[in-house]
Amino acid sequence: MDNQTYLKQTQAWVREELTRCVDFWLKNGMDHEHGGVYTCLDRTGRIYSTDKSVWMQGRCGWIFAYLCHVYGTRPEWLEASKSCLDFLEKYCINPNANGRMYFTVTADGKPLRQRRYYFSEAFYCIANAEYYGVTGEEEHLNRAKRAYEIYWNLSQGGEDPVGMGPKTIPETRSGRSLGIPMILLNVTSVLRRVDPANAALYDQRAASCVHDIFTYHHKPELNCTLENVGPNGEFRSDVTEGRMVNPGHDVECSWFLMEYANLHGDAELHKKAEEVFRTAIENGWDKEYGGLLYFRDALGNPPEAYEHDMKLWWPHNEIMIASMMAYRDTKDEYYLNWFKRCIDYVKKYFSDPAYGEWYGYLRRDGMPTMPSTKGSTFKGPFHLPRSLTMVDTMITQILSK
């Protein structure tokens, strides 16, 4: 089959999957009593826990606004986004922590858990920013920018009003985590797109994220990108945390970097981003069963995480985006071949045409964990619909040339 025919057929499947995914969440996840979204859903869409993830309120708020941005505004999408934004505003901001947000709340918004991490603020930020981009409602941009400043200040070592302190005793061990600059890079890209008046600020901060990723985390000499390093990028070979490689994170990071490189016409940076992808996919792909392993050890030692050999949905979504983006930008068949390999795997193991959405968690051999799960505290309408939407868009771009 020639590439053009393959892409057309794959695009048709992608659009079918996207429709099933979106319908699954609109039908089963939206809370019409309290607002927001439930994400702990089983295979059929039955709610098995009513506690709400604050991350997922932001991610759901973003994805439905993003669908409006890409495909045109539909009332049910805008309503779903607004429901999550209103729930976040009413219940998920800690009034005693200067704008910091909770991690989980009850169905009716009572606080359950506060974490030191500031990703709740990141997803609240992009949800409000995207909603502003669609509606032009200035208050949502203001909310996004306030949350963005919280993220930025904390990422630069500012004092955390939550007061929980670092995860480890800093006098013993401190360091850097890849998740901080890579998520900040993505959040910054959304803000730059909807708020071009402040492009100079966003460009400056995005550049600092790119600097940190390549200066501290990406290790060509180790053929990987490390999740955790010392303050100056030191490789801590004597502890499992220091050797941790999360291939899915690295693949996701690679397309964030490719987007930035494309925005600034930086061909050299694009090649470096491709290297991040190549090392992640080649070292993370399970050569026996297929699919991307969840964690690897940089030196081939046993990973500490008990789920290290599972196959999760989201890394495969990131492979779909990154491989298609790299193929679109370079026309290198290497990337299209990885895209094809990933699509073959997800069609066989993750996709569920009978009920919509994807299984979230597979054993190494590809069988879903039992009972099978479509959503959880960490899985909601985000990675899958984002990947399907972006792949659909990129295929259209390729075919139109």
Side-chain angles (χ1 to χ4, degrees), residues 15-41 44-47 49-93 101-102 104-110 120-144 146-147 187 190-191 193-195 355-358 374-377 379-390 392-393:
R15 290 175 174 175
E16 291 171 359
E17 286 289 288
L18 180 59
T19 297
R20 284 192 288 263
C21 172
V22 170
D23 289 349
F24 179 90
W25 291 105
L26 287 176
K27 176 183 176 182
N28 303 303
M30 304 311 300
D31 181 353
H32 299 290
E33 180 180 0
H34 305 293
V37 63
Y38 294 114
T39 56
C40 293
L41 275 58
T44 67
R46 179 183 63 86
I47 297 168
S49 175
T50 59
D51 289 344
K52 289 175 177 171
S53 162
V54 177
W55 285 20
M56 293 306 142
Q57 307 310 306
R59 287 177 161 189
C60 181
W62 177 79
I63 194 64
F64 278 106
Y66 183 65
L67 289 170
C68 292
H69 165 70
V70 174
Y71 296 110
T73 300
R74 298 184 189 179
E76 65 272 26
W77 293 350
L78 203 61
E79 181 183 342
S81 177
K82 186 64 160 54
S83 178
C84 292
L85 291 173
D86 289 347
F87 187 87
L88 284 164
E89 203 65 26
K90 188 173 182 179
Y91 299 116
C92 300
I93 300 173
M101 303 184 74
Y102 299 116
T104 51
V105 297
T106 63
D108 57 355
K110 294 183 178 64
S120 291
E121 291 79 5
F123 304 129
Y124 167 93
C125 173
I126 60 171
N128 276 284
E130 200 69 64
Y131 191 86
Y132 162 76
V134 172
T135 66
E137 295 179 19
E138 198 77 23
E139 175 57 25
H140 289 283
L141 178 60
N142 294 334
R143 292 175 184 175
R146 285 195 295 269
V187 170
V190 174
L191 275 166
R193 173 165 51 81
V194 304
D195 184 29
Y355 291 99
E357 247 292 343
W358 282 10
K374 291 292 181 60
S376 67
T377 300
K379 183 181 188 295
F382 182 65
H383 286 281
L384 176 58
R386 179 175 72 173
S387 70
L388 295 169
T389 301
M390 291 184 67
D392 181 24
T393 301

K.L.:
Does the pair Lys82/Asp86 count as a salt bridge with the N-to-O cut at 4.0 Å?
P.N.:
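Looking at Asp86 together with Lys82, the answer is yes, because their closest N to O distance falls below 4.0 Å.
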
K.L.:
What are the two closest heavy atoms between Leu88 and Met101, and how far apart are they?
P.N.:
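Closest pair (atom of Leu88, atom of Met101, distance): CD2-CE, 3.8 Å.
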
K.L.:
Please give me the minimum heavy-atom distance between Cys21 and Pro385, naming the atom from each residue.
P.N.:
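Closest approach of Cys21 to Pro385, heavy atoms only: SG-CD, 3.7 Å.
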
K.L.:
State the CG-CG distance between Leu141 and Asp195, to the nearest 0.5 angstrom.
P.N.:
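So the CG of Leu141 and the CG of Asp195 are separated by 5.0 Å.
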
K.L.:
Give every donor-acceptor pair under 3.5 Å between a side-chain atom in residues 24-38 and any protein atom, sequence neighbours left out.
P.N.:
| from | atom 1 | to | atom 2 | distance (Å) |
| --- | --- | --- | --- | --- |
| Trp25 | NE1 | Glu357 | OE2 | 2.7 |
| Asn28 | ND2 | Phe24 | O | 2.9 |
| Asp31 | OD1 | Glu33 | N | 2.9 |
| Asp31 | OD1 | His34 | N | 3.0 |
| Asp31 | OD2 | Tyr38 | OH | 3.0 |
| Asp31 | OD2 | Lys52 | NZ | 2.7 |

K.L.:
Can you tell me how far OG1 of Thr389 sits from CZ of Arg15, rounded to the nearest 0.5 angstrom?
P.N.:
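Those atoms lie 10.5 Å apart.
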
K.L.:
Is there a side-chain contact between Leu67 and Arg74, using heavy atoms and a 4.5 Å cut-off?
P.N.:
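Side-chain contact under 4.5 Å: no.
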
K.L.:
Let me confirm one number: the CG-OH distance from Asp23 to Tyr355, rounded to the nearest 0.5 Å.
P.N.:
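Asp23 atom CG to Tyr355 atom OH measures 16.0 Å (nearest 0.5 Å).
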
K.L.:
Donor-acceptor pair, Ser120 side chain versus Tyr102 backbone, under 3.5 Å?
P.N.:
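Yes: the side chain of Ser120 pairs with the backbone of Tyr102.
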
K.L.:
What's the separation between atom CG in Leu41 and atom OG in Ser49, rounded to the nearest 0.5 Å?
P.N.:
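Reported to 0.5 Å precision, the distance equals 10.5 Å.
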
K.L.:
Output all residues satisfying ring pair (Phe, Tyr, Trp, His ring centres under 6.0 Å) with Tyr131, sequence neighbours left out; order by chain, then residue number.
P.N.:
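Tyr131: ring pair (Phe, Tyr, Trp, His ring centres under 6.0 Å) contacts with His140.
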
K.L.:
To the nearest 0.5 angstrom, please state how far the OH atom of Tyr91 sits from the OG1 atom of Thr106.
P.N.:
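Taking OH in Tyr91 and OG1 in Thr106, the distance rounds to 9.0 Å.
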
K.L.:
State, yes or no, whether a side-chain contact exists between Cys40 and Asp51 at a heavy-atom distance under 4.5 Å.
P.N.:
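Not in contact.
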
K.L.:
Using side-chain heavy atoms (C-beta onward) and a distance below 4.5 Å, is Ile63 in contact with Ser81?
P.N.:
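With C-beta onward as the side chain, the pair stays apart.
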
K.L.:
From Glu79 CD over to Thr73 OG1, what is the distance, rounded to the nearest 0.5 angstrom?
P.N.:
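Here the interatomic distance stands at 13.5 Å.
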
K.L.:
Could you tell me if Tyr124 and Gln57 have a donor-acceptor pair between their side chains, going purely by distance under 3.5 Å?
P.N.:
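No, no side-chain donor-acceptor contact under 3.5 Å.
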
K.L.:
Looking at residues at least two apart in the chain, or sitting in another chain, which of them share a side chain to side chain donor-acceptor pair (under 3.5 Å) with Ser387?
P.N.:
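In terms of side chain to side chain donor-acceptor pair (under 3.5 Å), with neighbours along the sequence ignored, Ser387 is linked to Asn317.
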
K.L.:
Charged N to carboxylate O below 4.0 Å: is that the case for Glu17 and Arg20?
P.N.:
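Arg20 and Glu17: salt-bridged.
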
K.L.:
Which heavy-atom pair separates Gly380 from Thr39 by the least distance, and what is that distance?
P.N.:
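Scanning both residues, the minimum pair turns out to be CA-CG2, 4.0 Å.
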
K.L.:
With sequence neighbours excluded, tell me which residues meet ring pair (Phe, Tyr, Trp, His ring centres under 6.0 Å) with Tyr132.
P.N.:
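For Tyr132 there are no ring pair (Phe, Tyr, Trp, His ring centres under 6.0 Å) partners, ignoring immediate neighbours.
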
K.L.:
Glu130 pairs by side chain to side chain contact (heavy atoms under 4.5 Å, CB included) with which of Leu85, Val190, Thr135?
P.N.:
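That would be Val190; it is the only one of Leu85, Val190, Thr135 passing the side chain to side chain contact (heavy atoms under 4.5 Å, CB included) with Glu130.
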
K.L.:
Quick one: does Phe87's side chain get under 4.5 Å of Cys92's, heavy atoms only?
P.N.:
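Yes, their side chains come closer than 4.5 Å.
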
K.L.:
Show your reasoning for whether side chain to side chain contact (heavy atoms under 4.5 Å, CB included) applies to Tyr66 and Ile126.
P.N.:
CA-CA 10 Å; Tyr66 183 65; Ile126 60 171; over 6 Å; no

K.L.:
I'd like to check the salt bridge (Lys or Arg N to Asp or Glu O under 4.0 Å) partners of Arg386; sequence neighbours left out, ordered by chain and number.
P.N.:
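Salt bridge (Lys or Arg N to Asp or Glu O under 4.0 Å) check on Arg386 returns Glu252, Glu318.
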
K.L.:
Under a 3.5 Å distance rule, please check whether Lys374 uses its side chain to pair with a backbone N or O of Thr44 as donor and acceptor.
P.N.:
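Flag not set: sc Lys374 to bb Thr44 has no pair under 3.5 Å.
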
K.L.:
Could you pull out the closest heavy-atom pair between Phe64 and Val22, with the gap in Å?
P.N.:
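Phe64 and Val22 have their closest heavy atoms at CE2-CG1, 3.8 Å.
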
K.L.:
Looking at Thr104 and Ser53, what are the two nearest heavy atoms and their distance?
P.N.:
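Between these two residues, the closest heavy atoms are CG2-CA, 4.3 Å.
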
K.L.:
Report yes if the side chains of Trp55 and Phe382 come closer than 4.5 Å at any heavy-atom pair, otherwise no.
P.N.:
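Trp55 does not reach Phe382 side chain to side chain.
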
K.L.:
Under the side chain to side chain contact (heavy atoms under 4.5 Å, CB included) criterion, do Trp77 and Val134 qualify, and how do the steps go?
P.N.:
CA-CA 11 Å; Trp77 293 350; Val134 172; over 6 Å; no

K.L.:
For Arg146, enumerate each residue passing the salt bridge (Lys or Arg N to Asp or Glu O under 4.0 Å) test, keeping only those at least two apart in sequence or located in another chain.
P.N.:
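If we apply the salt bridge (Lys or Arg N to Asp or Glu O under 4.0 Å) test to Arg146, skipping adjacent residues, the hits are Glu139.
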
